[in-house]
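Note that this is a predicted model, so its numbers are computed, not measured. Throughout, a chain's letter reflects where its sequence line sits, starting with A, and its residues are numbered from 1.
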Amino acid sequence: MEYNHREIEQRWQHYWRENEIYRAVEKPGKKKFYVLDMFPYPSGAGLHVGHPLGYIASDIYSRFKRQQGFNVLHPMGYDAYGLPAEQYAIQTGQHPEKTTVANIARYREQLDKIGFSFDWSREIRTCDPEYYKWTQWAFIRMFNSYYDLDADKAKPIENLVAHFEKQGTEGVHAACSKNLKFTAEEWKAYSEKEKAEVMMNYRIAYQGETMVNWCEALGTVLANDEVTEGVSVRGGHPVEQKVMNQWCLRVSAYAPRLLDDLEKLQWSDSLKETQRNWIGRSEGAEMRFPVVGKDFDLEIFTTRADTSFGVTFMVLAPESKYVDMVVTAEQKEAVDKYLSEVSHKTERERQIEKKVSGVFTGAYAVNPISGKEIPIWVSDYVLAGYGTGAIMAVPAHDSRDYAFARHFDLPVIPLIEGADVSEESFDAKEGKMINSANDRLDLNGLEVKEAIAKTKKFIEEAGIGRVKVNYRLRDAIFSRQRYWGEPFPVYYKDGIAHVMDESALPLMLPEVDAYLPTSTGEPPLGRAKNWKTPEGYPIELCTMPGFAGSSAYYLRYMDPRNGNALVSKEADEYWRNVDLYVGGAEHATGHLIYSRFWNKFLFDLGMVVEPEPFKKLVNQGMIQGRSNFVYRIKDTNTFVSKGLKDQYDAAPIRVDISMVSNDVLDIDRFRQWRPEFADAEFILEDGKYNCGYAVEKMSKSMYNVVNPDDIVDRYGADTLRLYEMFLGPIEQSKPWDTNGIDGANRFLKKLWGHFNKLDKGSNAPMTKEELKTMHKLIKKVTGDIENFSFNTSVSAFMVALNELTAQKSTNPEAMEIFTRLIAPFAPHIAEEFWHGLGKEGSVVDAEWPEYDEANLKEDSVKYPVSFNGKTRYMIDVPADASKSDVEAAALAAPDAAKWLGDKTPKRVIVVPGKIVNIVI
RNA sequence: GCAGGAAUGGUGGAAUGGUAGACACGAAGGACUUAAAAUCCUUUGGCCUUUACCGGCUGUGUGGGUUCGAGUCCCACUUCCUGUACCA
């Protein structure tokens, strides 16, 4: 009987569906395990073979955990809001929901063919009002909360208002945009509008004038993680800096906890490191530099307090509010000119040019440590968004300050012994201090680290500043001037932003006549009719960004149809958090930060029981495409095989990989591909046309896309699953190569053949060899799955089958164990075997086998015998032989004399079970 | 620049400090077949020796070190990948 994958896979997929085998139900008292995949954005292109890689791995793991007796939650859904659907809507006028729904249907069809154990009854879509209701709900809660730095958690904003009424800002330690100072009396005297502005300064979801990444081509602002190298991640459009009034989330308030709690997580070191860099903690000091002739100070932040004696000038960011305050009348014109030049440059232009530029403000400040007067400059190499937007420049020991000083001919004072600063600055934090003393502070002779500590102490004692920890992590910009996203539950009354009552949720996304900005430049929601509250107040026109809907979706899966809460107390306390999260590393600084922030906020409010959402995280690698090329000789229709192309003037042309097998071109199909190739001529090697190849991204334009549907149709889902796992370590990126898939398919065919040869009626016990093969396999596969080493477990199955074949095994018991072990990898064929062996129920619930070390023991052990570390021959000794017996056997072996000669061994090392090494 | 990771046959890759190259692909040869496909068998890191068997040498990016023994541990370097960056 042939192995008919189509029939088998259809039968069991139907069986699983009919019997609702994968439905997860809370079972108090039964240990749970939550396995989650990063849910996909349903793009129009459908899935290619790279997409299911992580899903297959997580599916194997959740099936394994289920067989081990855990109550497994393994859901799937769609991150349905996104730019591509909206761009498509702009072009075609078709509602993005329509394309999204169609794409989801296609995704589902493709996913179903692979035989995943998802509980589809828990499916969620971020664009579903029943889902985004809870995204809007969380926003309202954030709006109504502030971050208490003493308690180190979010609290209701009413608490803060009550405090203002009693004591004003006295004793308030809260995360805020600006440090405010007022008394209770002043607070009470404020108008409604003024009060609203003050509270905005503290809310966790707040509206503020901030520097944003504005992308003209997309017509929207973008978050920092959506911009890379000055262009948008989606589409690669230029991005410029602009001040706009935007909704923001005070993620920065959570920076210390986001950093500290990384310790608790079982994530890869590289991913944790990426997050640490993104959060960017740096210890330093804030110092005040009095401005000459003015009654205010410039505040700066530095990590190199030790270099204070080498400060020869100061620099302000162009956007700094201090610029206008210090500039002198004579320099005003020059400064204004510079500011306007800088403001017209995009971020990208600034980065590419990297030209030193700047202008003197005409003002001077006093170095509070050395007492010297130094000039104040403005330059765009200082960023407004980090620290205080002003720096003390130490050209001798900072390369940027150095470049600036040399360009404008400012003095450079070396502060470290032996540092040669004639050509470049000495940035390393090492060496002994020089030139750093006056009657108040003496750093000379100290090591840099000691000098930093001493200076910090001095700064605090002298009252010229304070020790401070700075974070690079900035608040998340939460507004998008787009249509296809969650509407903000916000309306404006007398110009003051109010959130809606939770009972008004969900606030449904309205219909519009076009998906473009209005003629007055308002976002697309400006086109919606009656976009007002029942009382007639206008509603916010921006929508939320992509990460809004994906920040708490893992909680919603726990209780997806609950109309009264994001997740019920019971469901949350049972499922708690994600035990294993599988997805791409590209979300390290976006989704994985926002989700952790969102979860911590809900944790502060007592809505969830776990402070971290994802306990263990595995990043699957990307599967790249493997493109093929033919080489056309210039100005001809003749193509030369790869090995001979260097003898001609030939240019590569990409060919569709479906016409190529093992890099050999199917010439007939190539001729039919395009009319221009119909009469193509070929120069062959050994009668074949060999194509060149390259590894690149899998995409239609490269003709290298492999569709999983085609693989499933031809080889079956079980083959696809085994082969994807066999490709290599799950975390590694690798090119897809359809050629190797025959190996996985052959293995299943052989296994099928083996099954059909079984002596099904037999009750005979397994032979010693069979026992050994099976227990070796149990041990290996169990360990491999725990370590996410799926490629080696697939190999182990192949080895075990070869051994059973060599043993001429027809034992159904051995096959039964094999079936249970391979069920997570190839569930369809395993189910077929399971029922074929007369077992009850589904293989999905077949108990995971345990191995017995006793069956792995050998009667005799083979030892390699080495001389000075070089293996020379093998000996065979009884398994229970003592070390000295082994040593004697090694020296008594017939080959011993040959290698030992007339020498006597200096030492003999016997490693039990491993090796004998004779030192001569 | 900084941080993290990697480097093993023609290819993907395997190896708790103990016989490097498991397993698979590809390739070569053979069996079956009118033929092809499918299937099965043999060989397959390199070099040398031998009619053959048997052997030998060499070999995990480069150079050192630790060890009886290093792909594996330590130091330095080279190359590549990933992330990030005027972050003071």
Side-chain angles (χ1 to χ4, degrees), chain A residues 2 225 228-229 268-278 280-282 284 300-304 307 315 317 350-351 354 356 379-383 385-394 397-401 403-404 427 470-474 585-586 588-589 619 621-622 626 662-664 693 722-723 726-729 731-744 746-747 749-750 753 783 789 791-802 862-874 898 905-920:
Chain A
E2 285 279 292
D225 66 282
T228 181
E229 289 174 6
S268 70
D269 289 339
S270 68
L271 197 91
K272 285 193 198 176
E273 196 58 29
T274 303
Q275 289 217 343
R276 276 188 207 112
N277 289 342
W278 192 258
R281 182 180 196 273
S282 60
I300 60 99
F301 175 76
T302 181
T303 54
R304 292 295 301 273
T307 59
V315 187
R350 277 201 203 181
Q351 282 184 12
K354 274 205 172 171
V356 177
S379 173
D380 65 357
Y381 83 89
V382 175
L383 304 178
Y386 182 76
T388 60
I391 61 151
M392 63 177 212
V394 186
H397 303 288
D398 182 290
S399 50
R400 294 153 300 173
D401 296 344
F404 194 84
D427 290 13
N470 240 333
Y471 293 90
R472 195 174 76 93
L473 183 72
R474 287 185 236 172
E586 67 273 19
T589 53
N619 290 126
M622 295 259 283
R626 193 173 182 282
N662 286 324
D663 290 337
V664 176
Y693 73 90
L722 281 175
Y723 183 55
F726 185 71
L727 275 176
E731 308 213 356
Q732 212 166 291
S733 286
K734 54 233 156 189
W736 175 266
D737 187 356
T738 305
N739 294 326
I741 202 165
D742 284 330
R746 269 175 213 150
F747 162 72
K749 283 186 192 159
K750 282 188 216 166
S789 178
N791 56 332
T792 51
S793 30
V794 175
S795 295
F797 284 121
M798 293 177 176
V799 172
L801 179 60
N802 286 344
K862 278 197 177 353
Y863 278 87
V865 180
S866 300
F867 286 80
N868 292 339
K870 253 186 195 150
T871 303
R872 297 305 183 183
Y873 56 89
M874 305 292 294
K898 182 176 162 192
K906 274 189 204 141
R907 236 175 115 182
V908 179
I909 294 142
V910 178
V911 185
K914 300 272 185 181
I915 200 167
V916 181
N917 191 19
I918 298 166
V919 186
I920 47 179

| message | At 4.0 Å (heavy atoms only), tell me whether A/D269 reaches a base, stays on the sugar-phosphate, or touches nothing. | response | nothing
| query | Of the nucleotides B/C86, B/A88, B/G13, which one has an atom closest to the side chain of A/Q732? | reply | B/G13
| request: Could you check which of B/G26, B/C87, B/U19 has an atom nearest any side-chain atom of A/T871? | output: B/U19
| field | P gap between B/C23 and B/U43, integer Å | value | 12 Å
| query | Out of B/C87, B/G13, B/A22, which has the shortest distance to the side chain of A/K734? | reply | B/G13
| task | Could you check whether A/P735 gets within reach of a base, just the sugar-phosphate, or nothing at all, counting any heavy atom under 4.0 Å? | result | nothing
| message | Regarding A/I909, tell me which of base, sugar-phosphate or nothing describes its non-hydrogen contacts under 4.0 Å with the strands shown. | response | base
| message | Looking only at the side chain of A/N917 (C-beta and beyond, no hydrogens), which of the listed nucleotides B/U19, B/G12, B/G18 gets closest? | response | B/G18
| task | Indicate whether OP1 or OP2 belonging to B/A14 is found under 4.0 Å from a side-chain N or O atom of A/N791. | result | yes
| said: For B/G21, does the O4'-C1'-N9-C4 or O4'-C1'-N1-C2 angle fall within 90° of 0, making it syn, or is it anti? | reply: anti
| query | Where each pair must be Watson-Crick or G-U wobble with both distances under 3.5 Å, what dot-bracket representation of RNA chain B is obtained, with crossing pairs in [ ] and other-strand partners as |? | reply | (((((((..(((.....[....)))((((((.......))))))((((......))))..(((((..]....))))))))))))....
| field | Minimum-distance nucleotide (side-chain atoms of A/W278 versus B/C23, B/A85, B/A3) | value | B/A85
| NA contact type, A/R281, heavy-atom cut-off 4.0 Å: base, sugar-phosphate, or nothing? | nothing
| Which one, B/G13, B/A3, B/U19, comes nearest to the side chain of A/E273? | B/A3
| said: Against A/I909, only a single residue in A/V916, A/I915, A/V919 fulfils side chain to side chain contact (heavy atoms under 4.5 Å, CB included); can you say which? | reply: A/V919
| task | Indicate, with a heavy-atom threshold strictly under 4.0 Å, whether A/M392 touches base, sugar-phosphate, or nothing. | result | nothing
| task | Could you please name the option among B/C87, B/U84, B/G4 that lies closest to any side-chain atom of A/L383? | result | B/C87
| query | What is the distance from NZ of A/K749 to C1' of B/A24, rounded to the nearest Å? | reply | 15 Å
| query | Which part of the nucleic acid does A/K750 contact within heavy-atom distance under 4.0 Å: base, sugar-phosphate only, or nothing? | reply | sugar-phosphate
| query | From the list B/G26, B/U19, B/A85, which nucleotide is the closest neighbour of the side chain of A/R472? | reply | B/A85
| query | Checking all strands, does A/S270 fall into the base, sugar-phosphate, or nothing category for heavy-atom contacts under 4.0 angstrom? | reply | sugar-phosphate
| field | A/R281 side chain vs A/R276 backbone, donor-acceptor pair below 3.5 Å | value | no
| field | Carboxylate-amine/guanidinium proximity below 4.0 Å for A/D742 and A/K749 | value | no
| task | Give a yes/no answer on whether the side chain of A/R907 brings an N or O atom under 4.0 Å of OP1 or OP2 in B/C68. | result | yes
| field | Pairwise 5' ranking along RNA chain B for A/S866 and A/Y723, keeping only the more 5' one | value | A/S866
| query | Among B/A88, B/C23, B/U84, which nucleotide sits nearest the side chain of A/V799? | reply | B/C23
| task | Verify the contact: side-chain N or O of A/K870 to OP1 or OP2 of B/A70, cut-off strictly under 4.0 Å; return yes or no. | result | no
| Does the side chain of A/R872 get closer than 4.0 angstrom to OP1 or OP2 of B/U19 through an N or O atom? | no
| said: Measuring to OP1 and OP2 of B/A88, would you say a side-chain N or O of A/Y386 lies under 4.0 angstrom away? | reply: yes
| said: Does A/T792 reach a base, just sugar-phosphate, or nothing at all? Heavy atoms under 4.0 Å. | reply: sugar-phosphate
| said: If you assign A/R746 and A/Y471 each to the RNA chain B nucleotide with the nearest heavy atom, which residue ends up on the more 5' nucleotide? | reply: A/R746
| Side chain of A/V911 - closest among B/U58, B/G26, B/G18 | B/G18
